[in-house]
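Computed from a prediction, not measured in an experiment: that's the story for all the values here.
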Amino acid sequence: MAKAAEPPSGTRDFLADDMRRRKAAFDAVAGVFEHYGFDPLETPAFERLEVFAGKLGDEASALIFKILKRGVHEATGEADLALRYDHTVPLARVVGTYGSRLPSPYKRYAIGPVWRADRPAKGRFREFTQCDIDTVGSSSPMADAEILWAVHDGLVALGVDDFRVLVNSRQALHGLLEAYGIAEDQGTAVLGTLDKLDKLAAEAVVAELADRGLDRRTAQDLVGDVTAADTDRVRKQLDTTERGRAGLAEIDRVLELTSGLPEGRVVFTPRMVRGLDYYTGPIFEVVAEGYPGSIASGGRYDGLVAKLGGPDLPACGGSIGIERILAIQAADAEAGSGLDVALTVLGAEDTVLRMAADLRARGLRTGVYLGTSGKLGKQLKWANDNRARTVLIHGPEEQAEGVVTVRDMVSGAQSAVPVAEVAEHVRSSSA
């Protein structure tokens, strides 16, 4: 295939089956979020560059898709707009822009495309859909728990069954560092290394911690505590520092407020580390059987809205990795939906169109052959290509008798039905 015929690198074309699958997934998640009282928010596909400038950190800022100035300013080669990098920065702008016009706390969800000027790779795209849910303006632990409940129900609505929600706390992680006497300037590196426990063996993590300057015995004890079969060892360590006790209280409150979920669904996971730059309280990740990595994540990020240009408000949120889920499910999906009914055209076009209208009025997805061939064989192939369940044939013989031949494309069975009764007959047999 010629390069010009392919979509730009890092983007995809979605044909009919994919589009229907994606729309059904987005609608399912949006329906869950609506039931939780979250409002939809759609922001422009691009923002002023200044909205993102200096808000995302150096690594993320390098991935912003910039839009050059246009018209008389085009020759400057300067950018003044940027494609939407995520849904969080626009959320901060909206909260800052509309202020008192928004309910407080402000609960919103956003499902839409974002763009990253990243290097495309397998499973990594420059254009993809994010599915975010956030509550701005509440410091209550109930807000954290509600996010977790909503994400849980969203995953269930997507057909993800066997999954666990791993919960921890940024406070607890810092308290653990204090309990082990790890200096503040080592903390970020140590936590970053602990985060590799899902990918590396415990001994490899211990070795890396030692390379970073940690006493080897301390490294072994720390790794042993966070990977123990139960959390008793970690809890004892956390109980020795003020931050540790505060973090443990956050974790236990989240566990208490989500106790109505299936048993074992939400678990305290001391080794889980995420969002070193912005999370401030409870954090979570979701892992599921058959899905690589995490399929959802989130946490409390008090102070981030102000850092991104909005007012200084507490906030918490979560994100469902909907693209990752759809990619796995698409590989296992059966053939997509086809036509409920396909009508061949062998004369009597006005009758055929009236039958099609009657079928559509009864809620059936109906297609009429619009090609140039008058041969029944070619029209049946068209019906088969469109995965039609039922085909209606109204040829010269049927027209003379005032009937329609109704053919079941799966069994091959067919029957003659009066024209006036065919729509109701097909609807009843399709129910």
Heavy atoms, side chains only, cut-off 4.5 Å: are I111 and C131 in contact? yes
Could you check L359 against D340 for side-chain contact (heavy atoms from CB on, under 4.5 Å), going step by step and ending with a plain yes or no? CA-CA 9 Å; L359 290 160; D340 293 319; over 6 Å; no
Take R216 and E203 through the salt bridge (charged side-chain N to carboxylate O under 4.0 Å, His left out) test and state the conclusion after the steps. CA-CA 11 Å; R216 189 169 186 85; E203 269 307 308; 3.3 Å; yes
Taking C-beta and beyond as the side chain, do V287 and Y291 meet within less than 4.5 Å on heavy atoms? no
Using a distance-only test with no angle check, is there a side-chain donor-acceptor pair under 3.5 angstrom linking E208 and T193? yes
Any side-chain heavy-atom pair of R126 and F65 under 4.5 Å: yes
To the nearest 0.5 Å, what is the distance between CG on D86 and CG on L91? 9.5 Å
To the nearest 0.5 angstrom, please state how far the CG atom of L214 sits from the CG atom of L209. 5.5 Å
Sidechain N-carboxylate O distance under 4.0 Å for E74, K69: no
Salt bridge E250-R170, side-chain N to carboxylate O under 4.0 Å: no
Please find the pair of heavy atoms, one from T240 and one from A179, that lie closest to each other, and give the distance. OG1-CB, 3.6 Å
If the condition is salt bridge (Lys or Arg N to Asp or Glu O under 4.0 Å), which residues does R407 pass it with, not counting sequence neighbours? none
Looking at every non-hydrogen atom in both residues, tell me the closest pair between G112 and R84 and how far apart they are. C-NH2, 4.0 Å
Determine whether T88 and L304 satisfy the following criterion, side-chain contact (heavy atoms from CB on, under 4.5 Å), listing intermediate values before the conclusion. CA-CA 9 Å; T88 308; L304 182 62; 4.2 Å; yes
Flag side-chain contact, heavy atom, 4.5 Å: L49 against D80: no
Can you tell me how far the CG atom of L155 sits from the CD1 atom of I325, to the nearest 0.5 Å? 5.0 Å
V160 side chain reached by I295 side chain, heavy atoms, under 4.5 Å: yes
When you measure from the centre of the six-membered ring of Y279, is the NZ or CZ of R300 closer than 6.0 Å and no more than 45° off the axis? no
For D153 and Y36, which I'm curious about, is there any donor-acceptor pair between the side chains at under 3.5 Å? yes
Between E47 and Y85, is any side-chain donor less than 3.5 angstrom from a side-chain acceptor? no
Per side-chain contact (heavy atoms from CB on, under 4.5 Å), L173 is matched among V273, V190, V226 by V273
Side-chain H-bond candidate by donor/acceptor type, D132 with S319, under 3.5 Å: yes
Could you tell me whether D358 and R354 have a side-chain N and a carboxylate O separated by less than 4.0 Å? no
Side-chain H-bond candidate by donor/acceptor type, S297 with E285, under 3.5 Å: no
In plain terms, say whether D230 and R235 are close enough for a salt bridge, that is, a side-chain N and a carboxylate O under 4.0 Å apart. no
Audit row: D239, R245, side-chain contact (heavy atoms from CB on, under 4.5 Å) steps and yes/no: CA-CA 5 Å; D239 198 41; R245 288 190 293 272; 3.4 Å; yes
Any chance you could measure D225, atom CG, to T231, atom OG1, to the nearest 0.5 Å? 11.0 Å
Are the aromatic ring centres of H87 and Y109 under 6.0 angstrom apart? no
Checking side-chain polar atoms at under 3.5 Å, does Y301 have a donor or acceptor matched by the opposite partner on D134? yes
Closer than 4.0 angstrom, basic N to acidic O: yes or no for E323 and R22? yes
Could you tell me if the side chain of R217 sits less than 4.5 Å from the side chain of Q220, heavy atoms only? yes
Between L343 and M355, does the side-chain contact (heavy atoms from CB on, under 4.5 Å) criterion hold? Intermediate values first, please. CA-CA 9 Å; L343 281 76; M355 283 193 290; 3.9 Å; yes
Validation row: E146, F38 side chains within 4.5 angstrom (heavy atoms): yes
Could you tell me whether a side-chain N or O of S139 sits under 3.5 Å from a main-chain N or O of P314, the two making a donor and an acceptor? no
Atom pair CG (D144) and OG (S169), whose distance is rounded to the nearest 0.5 Å: 9.5 Å
Quick one: do R427 and E424 make a salt bridge, cutoff under 4.0 Å? yes
Return the minimal non-hydrogen interatomic distance between M272 and I283, and the atom names on each side. CE-O, 3.6 Å
Heavy-atom closest pair, residues Q379 and V345: OE1-N, 2.7 Å
Decide yes or no on salt bridge (charged side-chain N to carboxylate O under 4.0 Å, His left out) for R271 and D198, but give the supporting numbers first. CA-CA 9 Å; R271 71 179 184 277; D198 286 334; 3.1 Å; yes
With a cut-off of under 6.0 Å to the ring centre and 45° to the axis, is R116 in cation-pi contact with F125? no
Donor-acceptor pair, side chain of W149 and main chain of L257, under 3.5 angstrom: yes
For residues F284 and N168, determine if any side-chain heavy atom of one lies less than 4.5 Å from a side-chain heavy atom of the other. no
Above 12 or not: heavy atoms from other molecules or residues under 6.0 Å from CZ of R48? no
Here the gap from K23 atom NZ to F14 atom CZ, rounded to the nearest 0.5 Å, amounts to 15.5 Å
Donor-acceptor contact below 3.5 Å, side chain D302 vs main chain A315: yes
